[in-house]
S.K.: 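Questions regarding the structure given below will be posed in turn.
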Amino acid sequence: MTESTHDHDADSEPDSARREKPTDSYCSCCRVCDCYRDMPEPDEKPAERRDEHADHEEHDHGAHVDHSDHEEMFKKRFFVCLVLSLPVLYYSPMLQEWFGYTAVTFPGSEFVGPVLGVVVFAYGGIPFLRMGAVEARNREPGMMLLISLAITVAFVYSLAAVLFGIGEPFFWELVTLIVIFLLGHWIEMRSVRRASGALDELAELLPDTAERITEAGETEEVPVDDLEEDDLVLVRPGSNVPADGVVEEGESNVTEAMVTGESKPVKKAPGDEVIGGTTNRDGSLRVRIAATGEETTLSGIMRLVEEAQESRSRTQVLADRAAGWLFYAALAVAAVTAVGWTAAVGFGLPVVERVVTVLVIACPHALGLAVPLVVAINTSTAARNGMLVRDRIAMEEARNLDTVVFDKTGTLTEGEQGVVEITAVEGWSEAEVLTLAAAAEGDSEHMIAQAIREEAGERGLSVPGVRGFEALEGRGVRATIEHDAIPAAAPGGAGGSANGGETDGRTVSVGGPNLLRHLEVEPGPDLERFADQAGERGQGVVYVLRDESVVGALALADVVREESFEAIDALQGMGIEIAMLTGDDEDVARAVADELEIDTVFAEVLPEDKDEKIVELQAQDKLVAMVGDGVNDAPALTRSDVGIAIGSGTDVAVESADVVLVENDPRDVARLVRLSRKSYRKMQENIVWAAGYNVFALPLAAGILAPIGILLSPAVGAVLMSASTVIVAINAQLLRRVDLES
């Protein structure tokens, strides 16, 4: 907010546009800034809000993102008013009496207090008066209107006391009030700016310039905004990737922590995708640009973070309503106080002091900050950990989840085949069997072939070349070994002692049961037992033959992620039931569920029927979260109480999900629930403190303990009010330190 209000011609706008509402619901200044109108109701979706905000792009609202102008305004006014207040305090007759000193006098020194008091009121109090006026016009009374009432009553009475001699003025209380209010708001703005810092940090990730490679092979430095799709850029070690793209040349480790939450550098090689804003570590990369501007992952993340921070949760709506109710309660208590004290001691300074103190104490400053600041910190903390919140209400609901339903393929499992077990006939080793299989599958693009080659690579096996590769449709593959490079793992040396001799020129075949039937070969009892056991676990089996002799077999399955075990254990430890949803057959689904110790399994479910399973669970009065890939799980994600899209780092605008997990890590679901619970606990603590403070302080301010000599002055009331605000702000900041691993 600037130091002057925005001018709008109310008469030129329709009635529906005259309610001044904020986009930044956790900033007390933005809440009443004149430039915001027609904000959506709390139940509107973030995507809907996005379109409405587009209408306001003509205004300069940049400061409403970082709040730097608010912070600087209150900081400047605080220090100016603090300096001006010192002479007022020094020349206050009451303070001279309390502390037993006599102020230095000079002609006109009696006007020091009143003159500087008027200056402090005009300079330091005007922001509160303007914001209070907006609340009054909106007919939504809150803290600013209460502050305005408090300082106005104090100012008018003190001025009247000087001009008409109706009593002792208390300009020192007035300036103290304003200084403390300014200090409280400065602290609030600083806290809000820090909470909003996630957007600033994300924006700073993108470099200003990039090194574009020309057709001649030379590099030219250009602004990042000038980059276009298909441009080739050079990313040097230590620099940030300028936009989303694909590595064409070079290898390096890239730090993606600020975007994905993954702290370890990620190895990048030709063909790998890189995200704009991530940091290249040790090698140079040539990257082909795939997305720029608003289409980049980073822009999408910033958009979601901003939308989530602007949305309002149910708890926040309740706190806002409570702040409004407190206004009327404060007026009622102030009225009763005025009547009671007037009846007891007659109208005069004590009555005004009591009324002013009640109004000051009642300011719902802490209550107004209690929830919104936690929401802002929660959202930025989530973003830093790779969790992008699209719907605040869903984030808040996550703490109450009864059941989490995981899609199997690609979520709990790798989504691709992997070798899970190998067996070999007598005289052969597992390494030899795997080496032969990898050699024969060397030219195949089938996912089983890829799994076999990857397993051989992970074991560090040297795979020999082949000739005469042939794909046997519906049966497998066949090839001839060029030379013998099989590890001597079995008795008798390379190639296995059972068959002896060199393998050069030997035919190697790999395939399933159809291959054995085609070749009219029996696998033997041990291999049959291996195949039966694998089938019971929902695993597929391929056999490896040298010439026409079966030398071993491999069991393959959709490999369960190591992270899935930790995720399931963590969620079950929180008392949350786990269910698994898949289109695979019952045996395969049950095998994965048994391995992960999941009791509820929905198997052989078509994508279009997945949402029906969510409805079944909800019919049992369960609060259900669905975790899927955000594409074929879209109906279920939408139907669930909390939809969580996982592994969507390059597609952050998954419309069907409430929360987007950038990394393909199911453990993030447990982290999400923990963050939701800990955030809600912070909200409760803040609301209890803020509301409890008012319940305790209002009767005290009204003078309920006056019979025993305990009275609060307006200045002490302002100190207590500001202290309450500071405590709430500090408590919210502690959320930054929460451990999401436990």
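Everything quoted here is computed from the prediction, not taken from an experiment.
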S.K.: Compare every heavy atom of D230 with every heavy atom of R288, then report the nearest pair and how far apart it is.
M.R.: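 Heavy atoms of R288 and D230 come nearest at NH1-O, 2.6 Å.
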S.K.: Name all residues meeting the side chain to side chain contact (heavy atoms under 4.5 Å, CB included) criterion together with A553; count only those two or more places apart in sequence or in a different chain, and write none if there are none.
M.R.: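 Only T423, L527, F530, V541, Y543 meet the side chain to side chain contact (heavy atoms under 4.5 Å, CB included) criterion with A553.
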S.K.: With M574 as reference, evaluate V673, L401, V404 under the side-chain contact (heavy atoms from CB on, under 4.5 Å) test and give the passing residue.
M.R.: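 Only one option passes, and that is V673.
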S.K.: Just jot down the side chain to side chain contact (heavy atoms under 4.5 Å, CB included) partners of E522, sequence neighbours excluded, or say none.
M.R.: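 Listed in chain order: E528.
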S.K.: Taking the side chain as everything from C-beta on, heavy atoms only, tell me whether R286 gets closer than 4.5 Å to L234.
M.R.: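 A side-chain contact under 4.5 Å exists here.
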S.K.: Side-chain contact test, heavy atoms from C-beta onward, threshold under 4.5 Å: evaluate it for I644 versus L672 and give yes or no.
M.R.: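 Yes, side chains in contact.
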S.K.: Report the distance from atom OG of S509 to atom CZ of R475, rounding to the nearest 0.5 Å.
M.R.: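 It comes to 11.5 Å.
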S.K.: Count the heavy atoms belonging to other residues, nucleotides or ligands that lie under 6.0 Å from CZ of R677, then report whether that count exceeds 12.
M.R.: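 Enclosed.
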S.K.: Taking side chain as C-beta onward, heavy atoms only, is I481 less than 4.5 Å from L436?
M.R.: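 SC-SC contact between I481 and L436 confirmed.
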S.K.: In terms of side-chain heavy atoms, does T255 have a donor or acceptor partner in R281 at a distance below 3.5 Å?
M.R.: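 Yes - a donor-acceptor pair under 3.5 Å links their side chains.
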S.K.: So, do D272 and V246 sit near enough that their side-chain heavy atoms are less than 4.5 Å apart?
M.R.: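 A side-chain contact is absent here, since even the closest heavy-atom pair is not under 4.5 Å.
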S.K.: Checking side-chain contact (heavy atoms from CB on, under 4.5 Å) against R639, which of E612, Q618, K613 comes through?
M.R.: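 Single pass found, and it is Q618.
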S.K.: Do other residues, nucleotides or ligands put more than 12 heavy atoms under 6.0 Å from D621 CG?
M.R.: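 Counting other residues, nucleotides and ligands, CG of D621 stays at 12 neighbours or fewer.
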S.K.: Under 4.5 Å between any side-chain heavy atoms of D282 and P237, yes or no?
M.R.: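 A side-chain contact under 4.5 Å is absent here.
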S.K.: May I have the step-by-step check of side chain to side chain contact (heavy atoms under 4.5 Å, CB included) for E228 and I289, ending in yes or no?
M.R.: CA-CA 7 Å; E228 298 178 353; I289 300 300; over 6 Å; no
S.K.: Which residue in the set L617, T403, D658, L581 passes side-chain contact (heavy atoms from CB on, under 4.5 Å) when paired with M626?
M.R.: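 That would be L581; it is the only one of L617, T403, D658, L581 passing the side-chain contact (heavy atoms from CB on, under 4.5 Å) with M626.
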S.K.: In residues 593-602, what donor-acceptor pairs under 3.5 Å come from side-chain atoms, sequence neighbours left out?
M.R.:
none

